[in-house]
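Every value quoted in this text rests on a predicted model; they were computed, and no experiment measured them.
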Amino acid sequence: MDDLLASLNDPQREVVTHVDGPMLVLAGAGSGKTRAITYRLAYLIRHDTPPWNVLAITFTNKAAEEMRRRVEALNTPRGATLCTFHSLCAALLREFADRAGIRPNYSIYDRDDQVRLVKEAMTRAAVPVAAVVPTRVLAKISHAKNSLQTPAALAEAAAGDRDRQVAEVYRRYEELLTANNALDFDDLLLRMAFVLRDNADVCELLGRRYQYVMIDEYQDTNHAQYLLARAITLRHRNLAVTGDPDQSIYAWRGADISNILEFENDYPDAKVIRMEENYRSTRAILHTASNLITHNVMRKDKALWTQRPGGPNVRLLYCNDEHDEAARVAGRIGKLRDAGVPCENITVFYRLNSLSRVIEQAFLAAALPYRVARGLEFFNRKEVRDLLAYLKLLVNPDDDVSCLRIINTPARGIGSVTIDHLRRHARRGGGAILSTCACGLQAGLKPPAAKKALAFAKLIESLQGLLEAPVPDVVNHVIEEVDFRQALASREEPRDSPTWANVMELVNTAAEFDQARQGGSLAEFLHQVSLVSDADHFDGGDGAVTLMTLHAAKGLEFPVVFIVGCEDSLLPLKRGDEPDKWSQASRARYEEERRLAFVGMTRAMDELTLSCARRRMVRGRTTPQAASPFLEEIGTDFVTVEDLTTPAPSAAAHRRLAGRFYTDGSSDADQRRIIEAMEVDAEQYVPSQYTYLRPGCRVYHPKFGPGLVTNMGTQRWPDTRIDVLFDDCGPKRIVLKHADLELIGQ
DNA sequence: TGATAGGTGTTTTTT
DNA sequence: ACACCTATCA
């Protein structure tokens, strides 16, 4: 442990060794924050805090997993709770279900389920679905929930008919959730916050259980999360939060940046630590990103600095259209690969998921391996959702949304007429759809329909007999009894659709769950699955370029980064309903877009490229695009502009050009210019294993043995030289490129 | 009851 | 451009 402390800088060491009382860590991008809090966790446990008294909350499951891995790598005893706010609350709500007024077998509704429920609520509230878009209403409901507004409060504050309608839908929506014994994502946080507010004993108990609480990405917590943190730490006040106001990018989802800005007011005795030395990026990248972020008005000033040398300039790529842009990015990546850069070191960011398509096409054409880090590719598949709906219904028979989803899947002759009848009858009697099915004729169904409904109820009932069995057994049993395979086979699937493989993958997930949590209940499994996204299973190192949204990029780092689509209405993104000119009212949103760009840029370690297109196909129309205003704000000091656009050729001509670029290697002048530009750059690439190299690092040289870096030369790669004081051979100057140095400590 | 066509809306970003 | 929903027909 002490050896580890030695490898930290002063503020990092302060973070790690702080034990009791509140602490605020303002950690700039790339300042080694994750490392510091991981070490602190280990430090606490090494200094006699039982691991089960430590709670560390991260923003994503992936981050939690990563931290668990790192803590274990430090040989720290296991047992600390490492999770997201949502999964913490899901578990606590199972434990304290009675206090929350729900049953522990509750269902968690994801966005898709929520939309269905909102639609139902709209029907009941007699709001025509055509008049208001359900997703819009849902957004408003979510917003209301995040600000702890009840339907009644919303109705009271309503300014017009539209608002009143929303409030009414909200009321019905809540009713439906209760009837279905279900919670949505927002509820998980809210309900638990209410439990803590209203039950001093639970507060007390959790305070004792979680003696030390750490929260990462605190700038992106919302009000409910703030209340939760406060309640749990009320007694001992051992709350350590880390974050960076400049990286707050989730205000749209209710994140409240004042949580972190006001922390010092809430805890006047808080120890405040600033980490401003950046270990990740070259000076060129850091300087350019800093230039951008200083344009934010609503901001605490902070100066990031690095000891790393300048590195190659940030490149600004102007392209003709999105195909041209994609082809150039792909071409550049091809060059890097040929120069020996592993593809997993490279990433492409974009503002909208929809931008990935063109990039993917270009990568396919160039035969570049890539992976798209999309949120829910797997769990959104119909077959997976259907299977999960069966499981949910078994656990929670009141879950009408799941019931309706599978009542006729696979087809068992229960059509819309029968379903409508069931719904009406269920609603009148206040029962669930499933129990109404079991009523058969008594539900007023015609004999043939009643028979089918009864059969369905029987099927579910028989499956419920297995609830106590290990989770994988239940899953397999359902697949067999429901004859899932048959159902899938009869469905006309498009060629090479790995439908069945997806079902099997869910079985695997269940097996993994069972292994990790011996005797875990099916409810637990379903809750976990509901809170996990595909991106969580996503770990690099598979030799592929990663494609992801800027939001997904948070917390990651890559040696080589491309940000595409740096255009005016795309980054910053302008919504359809936004006025032409950015108004004062939308300034906060505008600044969040700037922070988003900042987050993307600061992911880069060695090389950063920003690109934009002159024209882009948006919603089926080719529109002229202006460059992002951010591209001017990054300054010119460390920026190289590559404007390779040609004067107004037709879009078709460009597609031809982009296509030819890879197929026949034809050599018109334009193309030669592109290739030459790429070759020059490929030489400037600095391998990422040297990213963290700086004075003070310990390195190992195959010939001279271990030594201490005393000075970094300012020469650009590949000429970079460094001075090393070797333990055995004394001081030497080394050309970085030729020495196979290994970094052994910082 | 299921398949198809045409019309409509859609696009932030994610737990 | 595309996905999804609804209305219409077999």
Those residues that, when tested against K140(A), pass salt bridge (charged side-chain N to carboxylate O under 4.0 Å, His left out) (two or more places apart):
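Not a single residue meets the salt bridge (charged side-chain N to carboxylate O under 4.0 Å, His left out) criterion with K140(A).
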
Atom [atom1] of [X] and atom [atom2] of [N]: how far apart are they, to the nearest Å?
| X | N | atom1 | atom2 | value |
| --- | --- | --- | --- | --- |
| H86(A) | dT14(B) | NE2 | P | 14 Å |
| L138(A) | dT12(B) | CG | C1' | 15 Å |
| D112(A) | dT14(B) | CG | P | 16 Å |
| L188(A) | dT14(B) | CG | P | 19 Å |
| L596(A) | dT12(B) | CG | C1' | 10 Å |
| I215(A) | dT15(B) | CD1 | P | 18 Å |
| K62(A) | dT15(B) | NZ | P | 9 Å |
| L531(A) | dT14(B) | CG | P | 16 Å |

Establish whether the base of dT13(B) is bridged to the side chain of R253(A) by a donor-acceptor pair shorter than 3.5 Å.
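Absent.
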
Taking the C1' atom in each of dC5(C) and dT12(B), what is the distance between them to the nearest angstrom?
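The answer is 22 Å between these two C1' atoms.
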
If you assign each of T135(A) and S530(A) to its closest nucleotide in DNA chain B, which residue comes earlier from the 5' end?
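Nearest-nucleotide comparison on DNA chain B picks T135(A).
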
Taking N or O atoms only and anything under 3.5 Å, show me the protein contacts with nucleotides 1-4 of chain B, one pair per line.
residue, atom, partner, partner atom, Å
dT1(B), OP1, G413(A), O, 3.2
dT1(B), OP1, G415(A), N, 2.9

Report yes if the ring of W252(A) lies under 5.5 Å from the six-membered base ring of dT13(B) with planes under 30°, and no otherwise.
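The ring of W252(A) is stacked on dT13(B).
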
Of the nucleotides [options], which has the atom closest to the [X] side chain?
| X | options | value |
| --- | --- | --- |
| R351(A) | dA3(C), dT15(B), dT13(B) | dT13(B) |
| H551(A) | dT15(B), dC5(C), dT13(B) | dT13(B) |
| R136(A) | dT13(B), dT12(B), dT15(B) | dT12(B) |

How would you label the contact of Y250(A) with the nucleic acid (heavy atoms, under 4.0 Å): base, sugar-phosphate, or nothing?
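If one applies the 4.0 Å heavy-atom cut-off, Y250(A) turns out to touch the sugar-phosphate alone, with no base involved.
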
Just checking S354(A): base, sugar-phosphate only, or nothing, at a heavy-atom cut-off of under 4.0 Å?
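Result for S354(A) = nothing.
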
Has H421(A) got more than 12 heavy atoms of other residues, nucleotides or ligands less than 6.0 Å from its NE2?
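Result for NE2/H421(A): enclosed.
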
In this structure, are over 12 heavy atoms from other groups packed under 6.0 Å from R299(A) atom CZ?
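Yes - once you tally the heavy atoms of other residues, nucleotides and ligands closer than 6.0 Å, there are more than 12.
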
Qualifying residues under ring-ring contact (aromatic ring centres under 6.0 Å, His included), relative to [X], sequence neighbours excluded:
| X | result |
| --- | --- |
| F96(A) | none |
| Y226(A) | H223(A) |
| F630(A) | Y590(A) |

Under the side chain to side chain contact (heavy atoms under 4.5 Å, CB included) rule, collect the residues that match up with H551(A), sequence neighbours excluded.
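Partners of H551(A) by the side chain to side chain contact (heavy atoms under 4.5 Å, CB included) criterion, ordered by chain and then number, come out as I249(A), Y250(A), W252(A), R351(A), T549(A), L596(A).
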
